[in-house]
Amino acid sequence: MLASKVAILLAKRMTINQTKQIHAAILVNGLLDLESLLVQQIINSASSYSYYTSHYIKLVLNHVQNLDVFSVASTIRFYSRHCQFREAVNLYGKLQRCGLSPSTFAVSSALKACARILYRSGGISIHAQVYKYGFCNVVYVQTALVDFYSKVGNMDFARSIFNEMVEKNIVSWNSVLGGYVKSGDLTMAQSVFDEMPEKDVISWNSMVYGYARMGNIERAYALFRQMPERSSASWNAMISGYVDCGKIELARSFFEAMGQKNNVSYIILISAYSKSGDVESAEELFGKLHKKDQLVYNAMIACYAQNSWAKEALQLFNAMLRLDLQPDEMTLASAISACSQLGDLKFGSWIESFIHETGIQMDDFLATSLIDLYAKCGSIDKAHKLFHGLKKKDLVAYTAMILGCGINGRAKDAIKLFDEMMNAEINPNIVTITGILTAYSHIGMVEEAYRCFISLQKYGLAPSVDHYAIVVDLLSRAGRLEEAHGLIKSMSIQPHAGVWGALLLGCSLHNNLELGEIAATRCIELEPDSSGYLSLLANIYASSGRWDDAERLRKGVEEKGYNKLPGCSWMEEVKA
DNA sequence: TGTGGCGCGC
């Protein structure tokens with residue numbers, strides 16, 4: 001009775017709720033052989049991927065007592081199609097743990113997922129199983145392997161599997177071609193392209209993309225014009241090519257000229273505008289796009305976060321959650337960066353618990369954004385713990401940690417990390433230097449800071465105005481006012497008020513009237529609206545007994561209105 | 001074919 005009812009329902013497209021009820025009935029009545037049908041029905045009825053569907057699929061799979069290869073394989077493909085590659089790989093692992101033999105279908109889907117997330121060891125172990133189960137001569141599996149090794153950059157393996165294939169299809173040809181393009185070997189790519197028995201739009205796109213990416217935009221454009229047919233990807237290859245060689249205006253012209261723009265076209269331009277600091281243009285494009293997917297949101301949230309529009313980043317992140325769009329590691333890395341910029345530990349911690357709840361993979365990017373958040377909000381121990389858990393400590397991770405130690409007064413730890421980084425042969429960048437200078441500054445290690453500053457050129461770095469400001473601040477506080485003044489005079493770039501302000505502060509601390517007057521004059525020239533500099537100079541006059549001058553300046557301050565903002569902290573209170 | 005983490009202290 002129930003079985004026939006289920007069969008009727010299964011023939012139709014069901015809502016998730018109907019599916020839930022049927023599953024309950026199946027379990028109550030012990031009709032386990034219907035479960036497999038049900039799982040496939042869920043997959044078919046879930047037309048889109050949302051937090052809700054993914055959650056429900058997991059729930060059903062966990063309760064399925066009679067798991068079969070068919071259901072699992074179609075679920076793996078479902079995940080792959082909706083870009084949930086980690087889920088796909090995890091499910092393949094589960095299939096094995098259940099003692100089931102994979103099908104060729106499951107193997108090729110899982111390999112595709114490994115290729116997309118560059119999960120090297122996962123793909124290699126699936127390769128081993130290909131031998132074990134005797135799938136070596138299955139074209140789909142061989143092609144998936146060629147694609148996997150091409151995508152992870154192992155062209156020797158990709159080529160040898162490709163050469164062994166008795167029967168090659170156009171996908172296998174395109175996979176090796178794409179691999180050579182990706183590794184930048186345009187000579188090999190061109191020879192594969194010339195050798196191909198037939199070419200499709202994907203083959204042409206790879207070549208256009210390859211030449212564009214290598215900066216040979218003329219050759220890319222020549223091929224683009226020669227193409228027998230063009231897809232959106234052909235246009236996008238040209239757009240990203242122009243972006244890569246810094247010709248954003250030309251990229252925009254191609255974008256405007258293309259007929260059917262897709263989300264990728266928008267993402268390429270949004271991230272290009274983001275990198276050039278043009279948030280308004282990125283916003284304008286984002287607003288024009290009607291059907292926005294997760295990745296478009298990621299690009300726009302990242303754009304806000306990278307350009308210090310932290311509030312806007314979090315607003316958009318919230319909007320994304322309200323629309324039931326699943327955030328991934330990339331979304332969260334940007335959102336946490338925005339929290340860190342605002343000192344919003346509360347929301348940042350909420351995101352961290354969200355990561356643990358939803359089982360999102362904590363990768364090094366995400367961990368680094370959390371390190372930065374915790375370090376800035378005073379939880380340096382938490383930051384340390386995350387830092388030690390990183391799979392690979394890179395420049396950005398070291399820099400975040402060095403800065404964190406620096407602002408928390410742990411200068412010695414910062415210096416230790418800096419040495420460790422140098423030993424690992426990771427070259428510092430401008431940001432790292434800011435961090436280490438801040439650390440030195442906090443414990444008044446003037447000589448070391450100065451030496452570090454002087455040795456900037458060793459790393460091929462040019463000191464920024466801000467670096468000068470830190471060093472001038474350091475020298476001035478230590479009373480080395482003449483040296484500080486000399487350093488400013490030697491600058492090849494224009495000092496800003498922050499640089500002269502640092503000297504002025506030092507002069508006020510050490511009662512140096514002569515240099516104080518020079519510094520104050522410069523500050524007032526550069527920032528006439530700020531009254532703080534006048535107050536500092538007034539203090540110097542007062543300390544030198546020049547009461548009339550001090551009084552004159554104080555009156556000036558009163559007339560201007562007191563612009564100095566009261567001191568405040570961006571940090572949320574941290575409960576001990 | 002696309003998206004992510006690090007910038008003094010006033």
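Proteins come first, then strands; the chains are lettered A, B, ... in the order of their sequence lines, and each starts at number 1.
Every residue two or more places apart in sequence or in another chain was checked for a salt bridge (Lys or Arg N to Asp or Glu O under 4.0 Å) with R219(A), and none qualifies. By the ring-ring contact (aromatic ring centres under 6.0 Å, His included) test, Y273(A) pairs with no residue at all, sequence neighbours left out. By the ring-ring contact (aromatic ring centres under 6.0 Å, His included) test, Y266(A) pairs with F255(A), sequence neighbours left out.
Rounded to whole Å, atom C1' of dG2(B) lies 12 Å from atom CZ of F85(A). F317(A) places its CZ atom 20 Å from the P atom of dT3(B), with the value rounded to the nearest Å. Summarising the geometry, the separation between CG on D200(A) and P on dT1(B) is reported as 11 Å, rounded to the nearest angstrom. Atom-to-atom, CG of D293(A) to C1' of dT3(B) comes out at 9 Å; the value is rounded to the nearest Å. Whole-Å rounding puts the N236(A) CG to dG2(B) P distance at 9 Å. For the pair I301(A) CD1 and dG2(B) C1', the computed distance is 15 Å after rounding to whole Å. Atom-to-atom, CG of N263(A) to P of dG2(B) comes out at 14 Å; the value is rounded to the nearest Å. Rounding to whole angstrom units, CE of residue M330(A) and P of dG4(B) are separated by 7 Å.
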- prompt: Just by protein heavy atoms under 4.0 Å, how would nucleotides 5-10 of chain B read 5' to 3' in B, S and -?
  reply: BBBBS-

Distance-only donor-acceptor pairs under 3.5 Å for side chains of residues 380-387 of chain A, two or more places apart:
none

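Counting distance only, with no hydrogens placed and no angle test, the side-chain atoms of N298(A) and the base atoms of dG2(B) include no donor-acceptor pair under 3.5 Å.
For the side chain to side chain donor-acceptor pair (under 3.5 Å) test with T399(A), the passing option among D394(A), T432(A), D372(A) is T432(A); the others fail.
Within 4.0 Å of K275(A), counting heavy atoms only, lie sugar-phosphate atoms of the nucleic acid but no base atom.
Applying the side-chain hydrogen bond (donor to acceptor under 3.5 Å, both in side chains) test to pairs two or more places apart or on separate chains, those with a residue in residues 222-231 of chain A are N205(A)-S231(A), S231(A)-S234(A).
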